[in-house]
Amino acid sequence: VRRAGISLVFLAWLYAVPFLLIVGLIRRTWHGPMATHAQAVAFGATTDRLLLWGLLLNLGLPLLGMGLALGFDRYLVPVFAGSAAGMLLVFAAYAVVASQARTPMIGYVPADEEPRPVVTQCIPRSGGRGCPGG
Amino acid sequence: MGHTKGRAPPRLVTMTAPQWIDPPLPQAPPVPPEQLEAGVRRRADYGLSFLVALGFYASVVGAFVVGAVSLPVAPQSEDCAGFCFSPALTMVVFLVFAVPYAIGLLLLTLVILVPVVRLTRSPLLAGAVSGGAGLAITGMVVLSIVGSR
């Protein structure tokens, strides 16, 4: 039972990390304009979260599993050594993709079609700067 | 006074197996479970390893589908002939065309697993290695076919 539990850490790493990173990369490579700026910001923030969680789990799960294996089940130590090697491969692949990308991987907001507000007249505000000629 | 001297009871002769013919086998010391497992199972379970690799493929394909579906649908312009390809619809078309590659990937995995299960006793490790190798090889084949066109 204990071995099955620690094995779940390996399976979580093997299945969740590629899933999160691939979904995040597909969303990041999509640049098409969103309808509104708020939607674009929300879309970019969700994509950031997917990528960050993918990277975080890629780092954390093999280390957690290695710690559990060393503490409770030495049989699983080579398994998590393999996941540590896979972790380095994933980071290397991510670095290659990031170097090829034209946009920053984290913190990119796709374009939107919302018209920018154009300042046409000066409105005096209390505490603000004074308007010229007024 | 006849002291009736009872007859001595018959000696009970028990026939035991002659020890010198069939000496007891030396008892092996109890083996700790880890060593027992190491001695019994020297290779990873083939079916379990294949299931692990299958789950890996499912999560990768699922990631592509979820990623494509999560993209916002582009506003439908009027100049589409009949209908427009949304990212999700494009992904469905890709999946249909990917069926032969998927079958090839599964067969390739079955072949790769044959040597890999001899390298390790863990189906987790064998499944992950063969899944990654199968996906990498299939990806290179697909890319070379796409690139050659």
Side-chain angles (χ1 to χ4, degrees), chain A residues 3-4 6-36 39-40 42-44 46-47 49-51 54 62 65 69 72-87 89-90 93 110-113, chain B residues 32-42 44-45 48-49 51-77 84-88 90-91 94 116 119-136 139:
Chain A
R3 177 166 297 172
I6 302 178
S7 300
L8 280 183
V9 176
F10 183 89
L11 285 180
W13 170 78
L14 182 67
Y15 295 161
V17 169
F19 185 88
L20 290 173
L21 288 181
I22 289 173
V23 172
L25 284 179
I26 288 176
R27 289 167 66 97
R28 185 98 306 163
T29 50
W30 185 82
H31 303 294
M34 303 281 287
T36 67
Q39 284 179 4
F43 184 83
T46 306
T47 308
R49 230 172 292 141
L50 286 168
L51 288 172
F72 299 109
D73 195 350
R74 302 301 294 256
Y75 166 82
L76 287 173
V77 168
V79 175
F80 282 103
S83 79
M87 169 180 82
L89 274 179
V90 169
D112 60 77
E113 291 177 323
Chain B
E34 293 145 16
Q35 289 184 19
L36 186 70
E37 199 166 347
V40 170
R41 214 153 44 80
R42 289 206 177 277
D45 186 85
L48 275 179
S49 306
L51 281 183
V52 170
L54 211 60
F56 179 68
Y57 298 147
S59 88
V60 169
V61 173
F64 276 98
V65 172
V66 168
V69 168
S70 77
L71 295 180
V73 178
Q76 301 277 324
S77 53
C84 291
F85 275 100
S86 66
T90 312
M91 186 53 67
F94 268 126
V116 168
L119 297 179
T120 173
R121 285 187 286 115
S122 167
L124 295 173
L125 208 52
V129 168
S130 62
L135 205 62

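For clarity, every value in this text was computed on a predicted model and none was experimentally measured. Computation of the quantities below employed the complete heavy-atom set of this structure, encompassing side-chain atoms and omitting hydrogens, waters and symmetry-equivalent molecules. Chain letters run A, B, ... following the sequence lines, proteins first, then strands; residues in each count from 1.
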How about OH on B:Y57, more than 12 heavy atoms from neighbouring residues, nucleotides or ligands closer than 6.0 Å, or not?
yes
Nearest heavy-atom neighbours spanning [X] and [Y]:
X: A:P18; Y: B:F56; result: CG-CE1, 3.8 Å
X: B:S70; Y: A:R27; result: OG-NH1, 3.1 Å
X: A:V23; Y: B:A63; result: CG2-O, 3.3 Å
X: B:P72; Y: A:F43; result: CD-CE1, 3.6 Å
X: B:A128; Y: A:L14; result: CB-CD1, 3.8 Å
X: A:F10; Y: B:L124; result: CE2-O, 3.6 Å

Could you grab the distance from atom CG of B:L71 to atom OG1 of A:T29, nearest 0.5 Å is fine?
7.5 Å
Roughly how far apart are B:F64 CZ and A:I26 CD1, rounded to 0.5 Å?
5.0 Å
Any side-chain heavy atom of B:V52 within less than 4.5 Å of one from A:Y15?
yes
Region of A:F80 that comes under 4.5 Å of a non-hydrogen atom in chain B
neither
For A:L89, which atoms come within 4.5 Å of any heavy atom of chain B: side chain, backbone, both, or neither?
neither
Go through the atoms of B:A68 and report whether side chain, backbone, both or neither lie under 4.5 Å from a heavy atom of chain A.
backbone
Do you know which of B:G132, B:A58, B:G127, B:S59 has the most heavy-atom pairs under 4.5 Å to chain A?
B:S59
